[in-house]
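Notes to accompany the following structure.
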Amino acid sequence: MINTCLFPVAGYGTRFLPATKAVPKEMLPVLDKPLVQYGVEEAVDAGFSQMGFVTGRGKRAIEDHFDRSPEVENQIEGTSKADLLAGVSKLIDTCSFSFTRQVEMGGLGDAILKGRPLVGNEPFAVVLPDDLCFCEEAGVLQQMVALHEHFGCSIVAIEEVPEDQIHNYGVISGEPIDAPGEDMAGRLFRVNGMVEKPQSDPPSNLAIIGRYILTPDIFGIIENTEPGANGELQITDALRTQAEQGSVVGYRFKGRRFDCGSVPGFVEATNYCFEQRFGKAYGPTTSVEGHTGA
Ligand code: UTP
């Protein structure tokens, strides 16, 4: 049983400056909902109710987002706008939200280690909300929980990435393994190696994206891992140790991911969500609910 979903959100979001100077990257809205809320909703859909955040300086807006705002609620009560807060209010009512801080940016591995008191000694999920994922049926995390129940080991979500971008990712090598169910054919790999941000000769075109299910031995492994790329403690380096023990499965998930930590990915996600909601692409003459794009 996995109880906690961890959200490491202490990063500075430098690719989005100046927007992220005073506003956390995770609070940037795709349409009218902040990235972090999409992440929490995906976790809820996967069965989680304990949300743990590893935050840092300047990230307090995330905490406030998952708290009541009586003045705003009173203001819109009884109006058609009351529905706009229904989604986040439901999350506040049904989930617990815990926060701890990463005092210095020591890398994603360090951020996950800082989340240990929120997780305890049990398997847990990790969501990086700037990787925004949409799926036709079950969400990525829900798909991964089912795989963790089957394999009982760490699961990393992977995706094929073009050659000219692969150096930005953690990249796996692995052997295909039998899939539980025909629709999973070709999607599962027993990971046997990983490289963070390979500058040459990447081991494959399969990159790790921001969804993980980790077994709790990862904490001890991170503690014994030396800083890697950029002088930071990389989760990829710790996961390599688990992979060498045969304890990591890579999963080419069903669905679509947008890298909302980058401006092009963010714009693509926004266009995609607009089309999903309004049934048509946004353009200068698009008209929705009385508004025109002009
Ligand atoms: P990124 O590599 O996207 O870094 O981190 P970033 O700082 O958020 O963004 P850029 O590259 O400067 O634009 C991946 C995830 O890991 C978290 C980030 O918050 C993000 O969710 N992270 C990274 C931490 O929480 N702490 C760290 O020390 C590093």
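One-based numbering, in listed order, for ligands and for the atoms of each. The chain is numbered in sequence order, starting from 1. Below, each value reflects all heavy atoms present in this structure, side chains not excepted, and no hydrogens, waters or symmetry copies.
Heavy-atom neighbours of Asp164 CG from other residues, nucleotides or ligands within 6.0 Å: above the threshold of 12.
Under the 4.0 Å criterion applied to side-chain N and carboxylate O atoms, Asp130 and Arg257 are not assigned as salt-bridge partners. Between Arg15 and Asp259, at least one side-chain N (NZ, or NE/NH1/NH2) sits under 4.0 Å from a carboxylate O, which counts as a salt bridge. A salt bridge is defined here as a Lys NZ or Arg NE, NH1 or NH2 lying under 4.0 Å from an Asp or Glu carboxylate O, and Glu159 with Arg252 fails to meet this definition.
Per-residue contacts place Ala111 under 4.0 angstrom from the following atoms of ligand 1 (heavy atoms of the residue considered): 24 (C), 25 (O), 26 (N). In summary, the atoms of ligand 1 found under 4.0 Å from a heavy atom of Gly106, numbered by their order in the structure, are 28 (O). Atoms of ligand 1 lying under 4.0 Å from at least one heavy atom of Glu26, given by number and element, are 19 (O). The contact set between ligand 1 and Lys25, taken as ligand atoms under 4.0 Å from a residue heavy atom, comprises 3 (O), 6 (P), 8 (O), 9 (O). Taking a cut-off of under 4.0 Å to the non-hydrogen atoms of Asp130, the atoms of ligand 1 that pass are 3 (O), 21 (O).
In terms of protein heavy-atom proximity, atom 20 (C) of ligand 1 is closest to Pro8 O, 3.9 Å. Ala10 N, 2.9 Å is the protein heavy atom nearest to atom 25 (O) of ligand 1. In this structure, the protein non-hydrogen atom closest to atom 12 (O) of ligand 1 is Thr14 OG1, 2.5 Å. When hydrogens are left out, the protein atom nearest atom 7 (O) of ligand 1 is Tyr12 N, 3.0 Å; that is the closest non-hydrogen contact.
Phe266 and Phe258 have their aromatic ring centers separated by at least 6.0 angstrom. The aromatic ring centres of Tyr272 and Tyr282 sit 6.0 Å or more apart.
For atom 27 (C) of ligand 1, the candidate residues are Gln234, Arg15, Gln102, Glu232; the nearest heavy-atom contact is made by Gln102.
Using modelled atom types, one finds a donor on one side chain and an acceptor on the other under 3.5 Å when comparing Ser154 with Gln242.
Of the heavy atoms in Leu108, both backbone and side-chain atoms come closer than 4.0 Å to ligand 1.
Considering backbone and side-chain N/O atoms, Gly13 comes within less than 3.5 Å of an N/O atom of ligand 1. Between Gly11 and ligand 1, at least one pair of N/O atoms sits closer than 3.5 Å. Checked by distance only, ligand 1 and Leu128 stay at 3.5 Å or farther apart across all their nitrogen or oxygen atoms. Residue Gly107 has at least one N or O atom closer than 3.5 Å to an N or O atom of ligand 1.
At a distance under 4.0 Å, no protein heavy atom can be found next to atom 5 (O) of ligand 1.
Relative orientation of the Phe99 and Phe97 rings is parallel, given thresholds of 30° and 60° on the angle between their planes. Ring orientation note: the planes of Phe53 and Phe7 are close to parallel, at an angle under 30° on the 30°/60° scale.
Using a 4.0 Å cutoff on heavy atoms, Val54 does not count as a contact of ligand 1.
The side chain to side chain contact (heavy atoms under 4.5 Å, CB included) test applied to Arg190 returns Phe151, Cys153, Ile177, Val249, not counting sequence neighbours.
For Lys197 and Tyr169, the positive end is not near the middle of the six-membered ring at less than 6.0 Å and at most 45° from its axis.
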